[in-house]
Structure formats: structure tokens, C-alpha cells
Amino acid sequence: MPNHLIIEGPQQGVLHITLHRPEALNALNTALLAELADTLEGAADDAEVRAVVITGSRRAFAAGADIKEMAERDLVGMLEDPRQRHWATIARFNKPIVAAVNGFCLGGGCELAMHADILIAGEDARFGQPEINLGIMPGAGGTQRLVRAVGKALATQMVLTGEPISARRAMEAGLVSEVTQPELTVERALVVAETIATKAPLAVRLAREALHKAEDTDLATGLRFERHAFTLLAGTQDREEGIRAFQEKRPATFNGQ
């Protein structure tokens with residue numbers, strides 16, 4: 001059983017994962033990342049899980065990496081860092097992730113949040129990459145994903161100054177999709193995830209892949225992938241059910257076939 005996570009569900013197709021290192025503001029040490037990677041790896045093969053919500057506490061989603069643990073690693077230790085493997089597993093997860101962010105979301109915490117497909121933030125959330133203050137730089141996607149999320153100008157300012165931005169600024173820049181009252185952040189994230197879980201699983205999977213292609217490829221390649229995926233869905237039972245339900249003016253029931 002995980003020691004640094006609270007796992008609930010799946011309920012209504014949603015697996016709810018809460019980061020739980022309260023004594024360290026959910027700092028991402030190797031053990032926590034390993035547990036999270038293992039949990040997501042299991043969820044990837046679980047047909048009952050159609051979406052995942054990841055959250056922390058009201059005070060912090062995750063305040064960064066575990067600095068004490070990092071300080072114990074020299075150059076060779078960093079080259080052989082097992083966290084690289086765990087981050088890769090998290091990045092490969094094939095189902096939608098909704099992050100519910102309150103409080104501090106810094107360093108590795110911000111990098112983890114950016115692995116989510118949708119970010120819901122409380123008014124009190126603060127996003128930042130403060131690694132520069134320690135004489136280092138982001139190492140789990142903080143430079144690459146942040147540029148894609150908020151643009152080069154703001155990403156450069158955040159990374160080179162180490163200064164965080166507010167939830168509202170994060171939403172204006174495109175990092176966050178919604179800002180809520182802090183006490184409603186998790187509830188809203190669960191609603192969004194439960195809504196996704198009611199949709200056709202194959203359509204969700206392919207649409208998500210197409211959206212990721214938009215970040216990673218040129219427009220022509222992305223359009224080809226989109227059209228290919230659109231065509232593949234024409235052969236699914238869920239497409240037939242969706243069209244029939246629309247015509248019959250009733251909710252669709254999708255089975256992932």
C-alpha cells in the first residue's frame with residue numbers, strides 16, 4: 001500500500017489520488033514519485049478507470065522536489081536518478097488527468113501539474129519554478145512544458161527569476177483552465193473528471209492523443225493524425241451508440257467498443 005498517497009476509487013470512472021506528505025508540503029521525493037508512477041501504471045490497465053484526479057492539500061499541491069534528498073546526490077547520483085524513470089512513467093499515462101491545485105505548486109510540483117491534461121486551481125494557488133534560487137534549473141520538464149503552456153516570455157521570466165505567478169495569471173496565460181474558491185477546487189476537478197468518464201473511452205483516448213500531437217508536431221502532421229483518428233472511430237460501437245442516442249434524444253451509454 002502506498003505510504004505517500006491517499007487513493008480513492010475508482011468511483012464513477014474516476015480514480016482520485018491525493019499526494020500525502022504533509023510534513024514536507026508534499027515535496028516529491030523518490031518514494032512518492034515511485035508510488036504515483038506505480039499507481040498510474042495500474043490505472044492504465046484498469047478498464048474501470050476512465051480519468052484520474054490528482055490533488056494535494058489545501059496548503060500545497062506540492063512545494064517542489066525533496067531538497068534534502070537532492071542534496072545527497074552528486075553528479076553520478078543525478079545521472080542514475082531513479083526519478084527519471086518514474087517521471088517517464090507518469091508522462092506515458094494514457095488516460096486524462098485533472099489536477100486540482102491549491103496553495104504552493106512549485107518546482108517539481110509545478111512540473112507534475114503540467115503533466116495533467118486539465119488544471120483546476122484555487123484562488124490561493126501559486127505556480128512557479130524556483131530552482132534558479134538553489135543554483136540549479138528545472139529538470140522534469142519545467143522549461144519545456146512551461147514554454148508550451150504559457151509562452152516563451154512568461155516562462156523565461158518565471159524560470160530565470162524564480163518568482164511564482166498567481167492562479168489568475170496562470171489562467172490568463174493558459175496554464176490553468178479554471179480558477180475556483182479553494183474549498184471547491186477538488187470538488188470541481190472531480191466533476192470535470194466524472195464528465196470525461198461518461199464519454200466514449202476510445203474517442204477520449206484518440207482526441208487526447210490528437211491534442212498532444214498539436215504540441216509535438218507541425219500542423220500538417222497533426223491534421224493527418226486527427227483525420228486518421230476520426231476515421232478509425234467510424235468503426236466503433238460507441239460511435240453508433242452516440243449517434244443513435246442523439247437521434248433518440250437520450251443519454252448515450254458507451255462501453256469502450
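Keep in mind that the numbers below use all heavy atoms, side chains included, and drop hydrogens, waters and symmetry copies.
The local environment of NE2 in His115 is crowded, with over 12 non-hydrogen atoms from other residues, nucleotides or ligands closer than 6.0 Å. Within a 6.0 Å radius of NE2 in His228, other residues, nucleotides and ligands contribute 12 heavy atoms or fewer. When the shell of 6.0 Å around CZ of Arg208 is examined, it contains more than 12 heavy atoms from other residues, nucleotides or ligands. More than 12 heavy atoms of other residues, nucleotides or ligands lie within 6.0 Å of CZ in Arg58, so this atom counts as buried by the packing criterion. Environment of CD in Glu48: sparse, with no more than 12 heavy atoms of neighbouring residues, nucleotides or ligands closer than 6.0 Å.
None of Gln247, Glu240, Glu241 except one satisfies the side chain to side chain contact (heavy atoms under 4.5 Å, CB included) rule with Ile243; the exception is Gln247.
A 4.5 Å side-chain heavy-atom check between Val159 and Met137 finds every atom pair outside the cut-off.
The hydrophobic cluster containing Val52 also contains Leu119, counting ILVMFWY residues as joined when their side-chain heavy atoms lie under 4.5 angstrom apart, directly or transitively. Linking ILVMFWY residues whenever their side-chain heavy atoms come closer than 4.5 Å, directly or via other members, places Val101 and Ile90 in the same cluster. The hydrophobic cluster containing Phe127 also contains Ile54, counting ILVMFWY residues as joined when their side-chain heavy atoms lie under 4.5 angstrom apart, directly or transitively. No continuous path of ILVMFWY side-chain contacts below 4.5 Å connects Leu206 to Ile97, so the two sit in separate hydrophobic clusters. Cluster annotation: Met114 is not connected to Val53 through the hydrophobic network of ILVMFWY side chains, with a link wherever side-chain heavy atoms come within less than 4.5 Å.
Not a single donor-acceptor pair under 3.5 Å links the side chain of Glu41 to the backbone N or O of Thr89. Remark: the backbone N or O of Phe61 is paired with a side-chain donor or acceptor of Asn26 at under 3.5 angstrom. Checked by atom type and distance alone, the side chain of Glu111 pairs as donor or acceptor with a backbone atom of Ala140 at under 3.5 Å. No side-chain donor-acceptor contact under 3.5 Å links Arg250 to the backbone of Phe246. Using a distance-only test at 3.5 Å, with no hydrogens or angles considered, a donor-acceptor pair links the side chain of Lys95 to the main chain of Ala43.
Rounding to the nearest 0.5 Å gives a distance of 11.0 Å between CD of Gln129 and OG1 of Thr161. Taken to the nearest 0.5 Å, the CG atom of Leu112 stands 10.0 Å off from the CZ atom of Arg145. Here the OG1-NE2 distance, from Thr30 to His86, works out to 6.0 Å after rounding to the nearest 0.5 Å. In this structure, the separation between CG on Leu232 and CZ on Arg227 is 11.0 Å, given to the nearest 0.5 Å. To the nearest 0.5 angstrom, Leu219 atom CG is 9.5 Å from Glu226 atom CD.
Thr55 and Thr18 share no side-chain donor-acceptor pair at under 3.5 Å. Side chains of Thr221 and Arg224: a donor on one and an acceptor on the other come within 3.5 Å. With 3.5 Å as the limit, one finds a donor-acceptor pair spanning the side chains of Asp117 and His212.
Annotation: salt bridge (Lys or Arg N to Asp or Glu O under 4.0 Å) contacts of Arg168 (sequence neighbours excluded): Glu123. Residues that satisfy the side chain to side chain contact (heavy atoms under 4.5 Å, CB included) test with Ala173, not counting sequence neighbours, are Val150, Leu154. In this view, Leu160 and Thr156 satisfy the side chain to side chain contact (heavy atoms under 4.5 Å, CB included) rule, not counting sequence neighbours.
Checked for salt-bridge contact, Glu178 and Arg188 meet the test: a charged N lies under 4.0 Å from a carboxylate O. A salt bridge links Glu23 to Arg21: at least one charged side-chain nitrogen sits closer than 4.0 Å to a carboxylate oxygen.
When all heavy atoms of Pro201 and Asp238 are compared, the closest pair comes out as CD-OD2, 3.6 Å. Closest non-hydrogen pair, Cys110 versus Cys105, comes out as CB-O, 3.4 Å. Contact between Gly103 and Asp124 at its shortest, heavy atoms only, is N-OD1, 3.5 Å. In terms of heavy-atom proximity, Ala193 sits nearest to Ala51 at O-CB, 3.8 Å.
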Next on the checklist: Working note: His4 + Leu19, criterion side chain to side chain contact (heavy atoms under 4.5 Å, CB included); need CA distance, chi angles, decisive distance, verdict.
Outcome noted: CA-CA 6 Å; His4 302 309; Leu19 310 180; over 6 Å; no

Next on the checklist: Is there a side chain to side chain contact (heavy atoms under 4.5 Å, CB included) between Leu33 and Trp87? Walk through the geometry before answering.
Outcome noted: CA-CA 7 Å; Leu33 283 173; Trp87 280 115; 3.7 Å; yes

Next on the checklist: Using side chain to side chain contact (heavy atoms under 4.5 Å, CB included), reason through Ser57 and Asn102 one step at a time and then give a plain yes or no.
Outcome noted: CA-CA 7 Å; Ser57 67; Asn102 283 320; over 6 Å; no

Checklist entry - Between Glu8 and Val14, is a side chain to side chain contact (heavy atoms under 4.5 Å, CB included) present by the stated rule, with each step listed? => result CA-CA 9 Å; Glu8 302 171 81; Val14 177; over 6 Å; no

